[in-house]
Amino acid sequence: MIRLTDVTYTYGGRFQPALAGLTLNIQPGESVCVMGANGSGKTTFARLVTGLLKPSHGTVIIGNDNSNKNENVGILFQNPDNQMVAVTVEKEIAFALENKCVPQDEMDRKISATLDRFSIPHLRQRLTSELSGGEKQRVALASVMVSEPSILILDEPDSFLDQPGRIALTDELNQLRRADPNMIQVHITQYPSAAQEYNRLLLFDKGKLIADSTPDNIFKDKNLCHQAGLLLSLEDFSNSSIPQVLTKHNGTTPPEVDCIELNDVSFSYPGADKPILKNLTYTFHSNEITCLVGPSGSGKSTLGLMLCGLNSPTNGEIKYSNSDDVLLSNDNVTGSVSAVLQQPERQFFLSTCAEEVAFGPQNLNRPLDEKGIKQFLDMIGLDGDTFSGRDPFHLSGGEKRRLAFAAILSMMPQIVVMDEPTCGLDQEGVGRFVTLARALRERGKGLVIITHDGDLLYALADRILMLDNNGAERTFSRDAFFSDPQLTATVFPCTWSLK
């Protein structure tokens with residue numbers, strides 16, 4: 001049982017509570033879904049249930065007494081990196097068993113069975129630091145389930161998964177419910193399709209529970225869904241302001257990278273059995289949007305980092321050139337080719353959002369004043385007056401991703417790599433991103449978008465580069481991709497019409 005009575009929680013240094021006056025009961029055997037806009041309190045609710053946070057006011061009771069012992073509660077975090085503690089996958093799954101002093105023979109059997117159950121035996125000896133986002137998500141779920149929790153909290157578990165991974169996750173969650181009828185599942189998501197798998201949906205808005213009913217009942221209430229940010233209309237963002245600094249600025253002008261040419265490029269991680277990218281030849285241009293698709297572990301993020309110079313090819317050559325076909329050295333394209341990482345907090349290191357936005361331009365001799373900083377925050381939906389002084393690490397997952405957009409775009413890059421840019425974003429954030437991406441393309445910028453999202457591909461892609469797990473690649477126009485059912489089956493289906 002989960003029982004919250006008049007629960008309020010306020011983070012240190014904040015005046016507004018993240019959750020306010022929450023009263024809620026979830027009975028054994030119930031499975032519920034949780035939705036709401038970025039910053040609405042969903043993750044705070046999850047952390048209160050697991051005991052990672054203690055309420056500022058009110059009571060949280062887990063189980064049938066007031067002991068509040070949470071050893072039977074398992075949580076899969078929004079970012080799987082936040083719960084990785086071991087060097088290898090095998091040791092990661094063994095960690096919970098070691099803490100319970102499980103005998104070695106039994107531990108080995110459970111590890112092997114868990115690896116098979118989640119279709120990851122091939123990852124057993126892999127370093128956790130070298131896994132793709134989707135692979136980490138599967139390993140994290142396996143490491144949670146090996147200890148057989150009676151309450152399972154899933155904080156956007158499908159964010160980094162490809163379509164086969166999402167299907168496998170749904171099947172696994174259904175099997176868990178059948179195998180343990182008393183298990184409680186709490187699934188936090190931004191996707192209505194995931195909510196439809198549950199009989200009960202909790203809807204949060206600005207720290208309050210505003211609806212508790214079936215998904216069908218809630219989705220029928222258009223006004224309620226609009227209030228909570230579940231409905232998306234690109235018309236709402238047609239007048240989104242783009243700071244003038246994106247098209248003109250004072251100070252040193254960076255080299256205008258018009259294309260990035262890959263010639264017979266391969267890449268292997270140290271100790272790997274085979275290259276993750278093999279003999280790749282492709283040219284990325286400014287003034288267009290190229291989308292990278294493919295299964296988890298196919299090398300999409302690796303390629304994105306290589307385009308920015310953060311990885312160097314094992315073999316082959318990468319050339320940068322301007323519109324006059326003049327070759328540019330790697331040192332001379334600093335700031336002109338940049339990336340928004342899959343886990344945006346990996347690129348934060350300063351104490352306020354304003355400092356994060358200002359850091360890049362300052363180092364490129366193009367400092368922003370306070371007004372310019374606020375313009376970039378406003379552009380991506382973070383009110384400049386409210387968020388300038390906020391700690392980046394205290395933001396919600398979706399808010400962190402928005403801040404990463406502002407921090408990278410403030411450097412005025414000519415080509416931007418965006419790795420899973422809509423993961424964790426609410427529908428307002430998705431709409432704002434689509435509008436922003438189109439505006440950047442109109443201004444001559446090039447975007448390389450790594451995604452599993454069929455909506456995003458349909459809305460934005462000029463070209464689609466598909467990678468596979470054997471190091472091969474194929475190229476498609478958007479129309480050719482979406483006219484082939486076998487290809488569209490590799491990305492998750494369109495839920496909203498982004499036209």
- Task: Show the numbers, then the answer: is there a side chain to side chain contact (heavy atoms under 4.5 Å, CB included) between V416 and L409?
- Result: CA-CA 8 Å; V416 190; L409 293 177; 4.1 Å; yes
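- Put simply, the side chain of E288 never gets that close to the backbone of R441: no donor and acceptor are under 3.5 Å apart.
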- List the steps, then state whether side chain to side chain contact (heavy atoms under 4.5 Å, CB included) holds for C353 with I373. CA-CA 9 Å; C353 295; I373 293 169; over 6 Å; no
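- Judged purely by atom type and a 3.5 angstrom limit, D324 has no side-chain atom pairing as donor or acceptor with the backbone of V326.
- Among residues two or more places apart in sequence or in another chain, the ring-ring contact (aromatic ring centres under 6.0 Å, His included) test is passed with H187 by Y198.
- By the 4.5 Å heavy-atom criterion applied to side chains, S321 and C259 are counted as neighbours.
- Between K374 and E370 there is a salt bridge, since a side-chain N of the basic residue sits under 4.0 Å from a carboxylate O of the acidic one.
- Taking 4.5 Å as the limit, every side-chain heavy atom of Q375 sits out of range of all side-chain heavy atoms of L368.
- Within the 3.5 Å criterion, the main-chain N or O of A37 finds a donor-acceptor partner in the side chain of S40.
- Residues passing the side-chain contact (heavy atoms from CB on, under 4.5 Å) test with A489, sequence neighbours excluded: none.
- In terms of heavy-atom proximity, E92 sits nearest to T128 at CB-CG2, 4.3 Å.
- In this structure, K278 does not pair ionically with E473, as no charged nitrogen and carboxylate oxygen lie closer than 4.0 Å.
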- Task: Let me see the working for E428 and R432 under salt bridge (charged side-chain N to carboxylate O under 4.0 Å, His left out), right down to the final yes or no.
- Result: CA-CA 6 Å; E428 189 273 343; R432 189 178 292 273; 2.7 Å; yes
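- Partners of Q362 under the side-chain contact (heavy atoms from CB on, under 4.5 Å) rule, at least two apart in sequence or in another chain, are P367.
- Note on residues 351-375: pairs passing ring pair (Phe, Tyr, Trp, His ring centres under 6.0 Å), not counting sequence neighbours, are F349-F359.
- The two residues L48 and P55 come nearest to each other via the heavy atoms CD2-N, 3.7 Å.
- Closest heavy-atom contact between F387 and E399: CZ-OE2, 3.7 Å.
- Checked by atom type, the side-chain pair D258/S286 shows a donor-acceptor distance below 3.5 Å.
- Formation of a donor-acceptor pair under 3.5 Å by the N287 side chain with backbone atoms of G446 is not found in this model.
- A salt bridge links R402 with D426: the closest approach of a Lys/Arg side-chain nitrogen to an acidic carboxylate oxygen falls below 4.0 angstrom.
- Pairs engaging residues 315-339 under the ring pair (Phe, Tyr, Trp, His ring centres under 6.0 Å) rule: none recorded [sequence neighbours left out].
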- Task: Test side chain to side chain contact (heavy atoms under 4.5 Å, CB included) on R438 and L460 and set out the steps.
- Result: CA-CA 7 Å; R438 289 173 174 173; L460 294 177; 3.7 Å; yes
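- Partners of S301 by side chain to side chain donor-acceptor pair (under 3.5 Å), not counting sequence neighbours, listed by chain and number: D419.
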- Let me see the working for H452 and E420 under side chain to side chain contact (heavy atoms under 4.5 Å, CB included), right down to the final yes or no. CA-CA 8 Å; H452 298 294; E420 301 286 5; 2.9 Å; yes
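- For the pair P421 and L456, the minimum side-chain heavy-atom distance is below 4.5 Å.
- Residues meeting the side-chain contact (heavy atoms from CB on, under 4.5 Å) test with V265, sequence neighbours left out: L262, M306, P313, I318.
- The closest side-chain heavy-atom distance from Q347 to I408 is below 4.5 Å.
- Here the side chains of N311 and T302 are in contact, with some heavy-atom distance below 4.5 Å.
- There is a side-chain donor-acceptor pair under 3.5 Å between T43 and D155.
- Smallest separation of non-hydrogen atoms from S388 and T352: O-CB, 3.4 Å.
- Looking only at side-chain heavy atoms (C-beta outward), L230 and M35 come within less than 4.5 Å of each other.
- Going from atom CZ of R478 over to atom CG of D462 covers 9.0 Å, rounded to the nearest 0.5 Å.
- With rounding to the nearest 0.5 Å, the separation of CG in N223 from SG in C225 is 9.0 Å.
- For the atom pair NZ of K300 and CD of Q342, the computed distance is 8.0 Å after rounding to the nearest 0.5 Å.
- Partners of F77 under the ring-ring contact (aromatic ring centres under 6.0 Å, His included) rule, at least two apart in sequence or in another chain, do not exist in this structure.
- Here the CZ-CG distance, from F45 to L19, works out to 8.5 Å after rounding to the nearest 0.5 Å.
- Residues passing the ring-ring contact (aromatic ring centres under 6.0 Å, His included) test with F284, sequence neighbours excluded: Y282.
- Checked against ring-ring contact (aromatic ring centres under 6.0 Å, His included), F267 has the following partners two or more places apart in sequence or in another chain: Y269.
- Inter-residue side-chain proximity for I120 and V139 is flagged as met; some heavy-atom pair is nearer than 4.5 Å.
- For the pair R463 and F476, the NZ or CZ position fails the cation-pi test of under 6.0 Å to the six-membered ring centre and within 45 degrees of the ring normal.
- For A20 against T8, the heavy-atom pair with the smallest separation is CA-OG1, 3.6 Å.
- Applying the ring pair (Phe, Tyr, Trp, His ring centres under 6.0 Å) definition to pairs two or more places apart or across chains, those involving residues 388-439 are F405-F433.
- In this structure, L487 CG and L457 CG are separated by 11.0 Å, a value rounded to the nearest 0.5 Å.
- For the residue pair G304 and V417, the shortest heavy atom distance occurs at CA-CG1, 3.7 Å.
- Checked by atom type, the side-chain pair E355/S351 shows a donor-acceptor distance below 3.5 Å.
- Not counting sequence neighbours, the partners of D383 by the side chain to side chain donor-acceptor pair (under 3.5 Å) test are T386.
- With hydrogens and angles disregarded, no donor-acceptor distance shorter than 3.5 Å links the side chain of E356 to the backbone of P392.
- Between the CD atom in E345 and the NZ atom in K400 there is a gap of 4.5 Å [rounded to 0.5 Å].
- Put simply, the side chain of Q414 gets close to the backbone of G444: a donor and an acceptor are under 3.5 Å apart.
- A 4.5 Å side-chain heavy-atom check between L403 and I380 finds every atom pair outside the cut-off.
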